[in-house]
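For reference, the structure discussed in these notes is given below.
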2 protein chains.
Amino acid sequence: MKYSQATDYALHAMLYLVAEAPDKPVSVQLLAEKLGVSQTYLSKMLTKLVKAGLIHSVSGANGGYKLKRNQDDISFLDVIQAIEGNTSLFECSFHHDSACLIQQVVADAEQQMMHTLKSKKIADLVAHIPKQPHDRLT
Amino acid sequence: MKYSQATDYALHAMLYLVAEAPDKPVSVQLLAEKLGVSQTYLSKMLTKLVKAGLIHSVSGANGGYKLKRNQDDISFLDVIQAIEGNTSLFECSFHHDSACLIQQVVADAEQQMMHTLKSKKIADLVAHIPKQPHDRLT
DNA sequence: TCATTCGCAGACTTATCGTATCTATAATAT
DNA sequence: ATATTATAGATACGATAAGTCTGCGAATGA
Ligand code: SF4
Ligand code: SF4
């Protein structure tokens, strides 16, 4: 049970967008090269980020992606949920009359995690990184 | 990104073991019937619980499974980790020199969740359930 | 205007993992 | 001994993740 690799890519891409050029659009070509992943595949994740309202896309020549909100508003939770969805870790297919106590317990615990992930902003990491998020090799 | 259905089965099985017969062994046949899942499949999860030290198995006629520890010592986290493993939600394949800040953030958040799951005991739910954990239908 | 550059969307293939079954084996009570 | 029960391995199936290919539409600039 792990976050998908797509989340990994998305986090690194956001990290780059925040650290490098908050205003100027960055092409998927450059991002894909930095992360060592194909353009078409990475674009799927970036599109998800767009639909989640985290970034903004501009078509045409010299286009690319740039941040939509203030960079301090973008949390880890935002990125993770944009990719992984916002379904609970525990969801039973069988619905019965009384409320499910098991789901309740897991949901409560998950809420703790989400709270922490929401408080952590992408920009928080940038400060600790010398120049820019390193290129991924794998 | 969801817990596997096996975790669902394991939780319900543990719930039954705690609620019904903490001492007398319960056969996988009975448990499987209650949960609506095949014996051979459920046995795999129960074996994992055995290896995790949560329950004890006794072979032979009138055998089955019974709790190993005190029932108040068995937390949700114990069961979940027995099935899902204890790997972090976020693990990058690429290891570089400096520590990974992303993994750090997610691990911290996950720790919050684990703390809650550890404080919640299986026995806590039994008190709220009228007679016994209901049979699963699906 | 026209061609180039770019993001977007859908169909598609492949790999991986969860789910589930079957069978054989070992251990224990009667 | 025989029936009963857990355990382990091999195997098959299905769902989802991972990745590719292709065409379309929007914007730029020459
Ligand atoms: S108690 Fe919760 S997990 Fe169990 S069958 Fe009911 S809804 Fe599903
Ligand atoms: S920063 Fe972390 S997630 Fe990114 S490549 Fe390095 S180890 Fe992997």
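Each chain gets a letter, A, B and so on, in the order its sequence line appears, and its residues count up from 1.
- The minimum heavy-atom distance between B/L17 and B/Y65, with the atom names listed, is CD2-O, 3.7 Å.
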With sugar-phosphate taken as primed atoms, P, OP1 and OP2 and all else as base, the protein-contact string of nucleotides 24-30 of chain C at under 4.0 Å (heavy atoms; B, S, -) is ---BBSS
Per-pair distances, 0.1 Å, donor-acceptor, side chain in residues 108-126 of chain A, under 3.5 Å, sequence neighbours excluded:
residue	atom	partner	partner atom	Å
A/E110	OE1	A/S88	OG	3.1
A/E110	OE1	A/L89	N	3.1
A/E110	OE2	A/L89	N	3.3
A/T116	OG1	A/Q112	O	3.4
A/S119	OG	A/T116	O	2.8
A/K121	NZ	A/K118	O	3.1
A/D124	OD2	A/K121	N	2.9

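- Side-chain nitrogen and oxygen atoms of A/S4 include none within less than 4.0 Å of the OP1 or OP2 phosphate oxygen of D/dT16.
- Between the NZ atom of B/K2 and the C1' atom of C/dG18 there is a distance of 12 Å, given to the nearest Å.
- Contact check of residues 77-91 of chain B against DNA chain D (heavy atom, cut-off under 4.0 Å) returns no residues at all.
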Give every pair of a protein N or O atom and an N or O atom of nucleotides 9-14 of chain C that lie under 3.5 Å apart, one pair per line with the distance.
residue	atom	partner	partner atom	Å
C/dG10	O6	A/K44	NZ	3.1

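- Residues satisfying the side chain to side chain contact (heavy atoms under 4.5 Å, CB included) test with A/A52, not counting sequence neighbours, are A/L54, A/A82.
- The minimum heavy-atom distance linking A/Y3 with B/V106 is given by the pair CE1-CG1, 4.1 Å.
- More than 12 heavy-atom neighbours from other residues, nucleotides or ligands sit within 6.0 angstrom of CD on B/E91.
- Of the candidate nucleotides D/dA17, D/dA6, C/dC8, D/dA6 has the atom lying nearest to any side-chain atom of B/Y65.
- Heavy-atom neighbours of B/Q39 CD from other residues, nucleotides or ligands within 6.0 Å: above the threshold of 12.
- OP1 and OP2 of C/dT5 both lie 4.0 Å or more from every side-chain N or O belonging to A/S27.
- Between B/Y41 and D/dC13 there is no side-chain N or O to OP1 or OP2 distance below 4.0 Å.
- Rounded to whole angstrom, the span from the CD atom of B/Q39 across to the C1' atom of C/dT23 amounts to 14 Å.
- Taking atom CE of residue B/M1 and atom C1' of nucleotide C/dG18, one finds them 15 Å apart after rounding to whole Å.
- The nearest whole Å value for the distance from the CE atom in A/M45 to the C1' atom in D/dT20 is 12 Å.
- Residues B/D78 and B/M14 have side chains not in contact (no heavy-atom distance under 4.5 Å, counting atoms from C-beta outward).
- If you measure from atom NZ of B/K66 to atom C1' of D/dA6, you get 15 Å, rounded to the nearest angstrom.
- Take B/S4 and apply the side chain to side chain contact (heavy atoms under 4.5 Å, CB included) test, not counting sequence neighbours, and it matches B/A6, B/T7, B/I83, B/E84.
- As a whole-Å value, the separation of A/L31 CG from C/dG7 P is 9 Å.
- When all heavy atoms are compared, the tightest approach of B/A32 to B/L42 is N-CD2, 3.5 Å.
- Checking C/dA20, D/dT7, D/dA18 against the side-chain heavy atoms of A/A6 singles out D/dA18 as nearest.
- Once rounded to the nearest 0.5 Å, the distance linking CG of B/L11 with CZ of B/F76 reads 6.0 Å.
- Between A/S38 and B/L46, the residue anchored closer to the 5' end of DNA chain D is B/L46, taking for each the nucleotide with the nearest heavy atom.
- Here the CD1 atom belonging to B/I55 is positioned 8.5 Å from the CD1 atom belonging to B/I74, to the nearest 0.5 angstrom.
- Within 4.0 Å of A/V37, counting heavy atoms only, lies no atom of the nucleic acid at all.
- Distance OH (A/Y9) to P (D/dA17): 15 Å, rounded to an integer number of Å.
- Taken from CG in A/L67 to CG in A/D73, the straight-line distance is 10.5 Å, to the nearest 0.5 Å.
- Protein atom NE2 of A/H56 is 12 Å distant from nucleotide atom C1' of D/dA26, rounded to whole Å.
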